Amino acid sequence: MPYGRRTARSLPRRSLITTLALALVLAPTVPAAGAPDTGLVAHWPLDASSGTVAADVTGHGHDGTLVGDARWADGTLEFGGTDGHVDLPDDLLAGLDATTVSVDVLIDPAQPTPYFLYGFGNTGANGDGDGYLFATGGTAGEGLRAALAPGDWTTEQQVAAGRGVGRGTWHNLVLTVGDSTGVLYLDGVEVARNTGVTLKPGEIGAGHTTANYLGRSLYNADRHFKGRMRDVRLYDRALSGDEIASLSHNGTVIRSVDLPELAVPAVIDPDSSTITLPVKPGTRRHKLAPVLGLAPGASVTPDSGRRVDLRRPVKYTVTSANGRTREWTVVAREMRSPVLPGYNADPNIAVFGDTYYIYATSDGFPGWGSTTFRAWSSKDLVTWADRGVILDLGPDVSWADGRAWAPTIAERDGRYYFYFSADAKIGVAVGESPTGPFRDSGQPLVSANPDGRGQAIDPAAFTDDDGRAYLYWGNGSAFVVPLNADMVSFDPAAVRKIDGLADFREGLFMVRRQGLYHLTYSIDDTRSADYRVGYATATSPFGPFTNRGVVLRADRSQGILGTGHNSVLRVPGTDDWYIAYHRFAIPGGDGMHRETTIDRLTFSADGLLEPVVPTLESVPPRRVPATACPGHPTDWCTPGRN
Ligand code: FUB
């Protein structure tokens, strides 16, 4: 039945007593125990067993109609993924200054993207969304996302999380919008917030919306939802975090942790029921007293606020108001990362003499719009000094103005060669010290990828044990070329494409150890939480390469996401290795707000890299041994190489 003019705007904020009375009179079934019912515009339990009506139990008459391969299954609604959806009445958002949409959802592991879990709005004549409110669960890599848009996707005001909704298991996803703020909650835990959502739900289509769906996108070309839903609610107000925790699915949630020793907010991972407490360096982790935010009426053991030794994982059991229990694992970790303050991506770590250097992309700009490069130095891998801007595209580079990305460096005969990406080309600048000043060569070294695919970005310099220098680069396609002795030119005919790297995207980096060449590279999109590092080996710098799998990936339980674009360092005079890489900044980072960290890299007895354990702690201090280069060249140590 159409919503007609009895809009949510006309629904007064009622007293609890009136609301309960109305619910008893109007609702065929009552909301789940403890779930907030004040301000419900519609509530579709989706628990029928036959027929094509998705009943609205609020008494407001917003019944939906099952379409296509949607069918009732075990007290839930199953969407087949081909054309199944629920067609909801028109004008559902009319008059709403604020809203909450809550849905219990099970996303099939085979769900293709892009897709909407739900969308309320309009579809334009071109088949694209044209004013809407929607949410998608994303994938493991692509985070879950909701948005309000007055027009198409370019107008979206998004609330986006770095993580996707876990597949194949039930989750509760809630979007609240009100007071210019959108918040996403997954299983009762806040996972994203945007305080700049200025569009009100009721302004979409000026209140007139004809494409209101569960399980279907407002973009005709998108995929349909595949999975199950139950208990979908639409409110005319933004529910509080407490109210969301009282939704029946969320009764055993730990939704917040108060602890003065925290360096950044607790990482609460509802998928694995783990909580990581990133505490300030030096914190005595054996007697911490976390105060846990629970759902109304829930209890926990050990008690909230009780002193506990959290140097090792401790089990906490939460019992909900209705007696359900859930075990959470809580651990505290010293937060000694990132190693560089602020937003820095694509770190290239190097060592010259007794000093380590990192060259990185300055991050935090819309569209990766940095125009300068900075260098950082350290004597121990832990304390890093900002050495300032070493190359500024504006005054220093005539052939490019923007996209100053992913630098690398090499040394030869006391000179330093700084290779960099700018405007999707690769340049080289020469300096007399590792921190410059650097003078650009005046023209791009690589103007385009030889095969015309991808971007000419992400150079990585590699000097082999015989002193020969190579440049690796690529995005989409991977390339390598020996550099001429001048280090600022190469023979174009000598460029070789590297084929067969599994899922290669960008960010190549080469090292050699005991005669084997180890090539690492990035997989996926740097905006993806699942950005990761792939690994291949060869017996020559040109390959052919044997794929060795993924050596570094996200760890959601620690809130470590988007781990990629790495470089590798050997401490001169030793067989100790480290990996520098970027990840989404903690907290709240994304593919344009990335930070740089360092972890240990180890080789197994068979000479292959072992999977990296990403940490919040990073590494302990490690100086270049006094006996190492310069002055003590050994088999292990050649100045300027790693
Ligand atoms: O930082 C800009 C780009 O993002 C880099 O060139 C890619 O490797 C990716 O990390």
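Numbering of ligands and ligand atoms starts at 1, following listing order. Note that these values count all heavy atoms, side chains included, but never hydrogens, waters or copies made by symmetry. Only a predicted model underlies this, so the values are computations on that prediction, with no experimental measurement involved.
Looking only at heavy atoms of the protein, atom 9 (C) of ligand 1 is closest to Glu506 OE2, 3.3 Å.
The environment of CZ in Arg548 is crowded: more than 12 heavy-atom neighbours from other residues, nucleotides or ligands sit within 6.0 Å.
For the ligand labelled ligand 1, residue Arg403 lies outside the 4.0 Å heavy-atom shell. At least one heavy atom of His582 sits closer than 4.0 Å to an atom of ligand 1.
Within ligand 1, counting atoms from 1 as listed, the ones closer than 4.0 Å to a heavy atom of Asp458 are 5 (C), 6 (O), 7 (C), 8 (O). Distances below 4.0 Å separate heavy atoms of Arg594 from the following atoms of ligand 1: 1 (O), 2 (C), 4 (O), 9 (C), 10 (O). Those atoms of ligand 1 with a heavy atom of Tyr531 less than 4.0 angstrom away are 8 (O), 9 (C), 10 (O). Each of the following atoms of ligand 1 lies closer than 4.0 Å to a heavy atom of Ile457: 6 (O).
Screening residues 430-450 for ring-ring contact (aromatic ring centres under 6.0 Å, His included) gives Phe418-Phe438 as the qualifying pairs, with residues at least two apart or on separate chains.
Pro150 pairs by the side chain to side chain contact (heavy atoms under 4.5 Å, CB included) definition with Thr155, Leu199, not counting sequence neighbours.
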Practice prompt. Could you give me the CA-CA distance, side-chain angles and deciding distance for Asp503 and Arg505, then say whether salt bridge (charged side-chain N to carboxylate O under 4.0 Å, His left out) is met?
Written response: CA-CA 6 Å; Asp503 302 318; Arg505 174 69 64 97; over 6 Å; no

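For the pairing with Arg374, the side-chain hydrogen bond (donor to acceptor under 3.5 Å, both in side chains) check across Thr361, Asn344, Asp386 returns one residue only, Asp386.
Tyr581 and Asp599 share a donor-acceptor pair across their side chains, judged by distance under 3.5 Å alone.
For a threshold of 3.5 Å applied to N or O pairs, the pair formed by Asp346 and ligand 1 contains at least one separation below that value.
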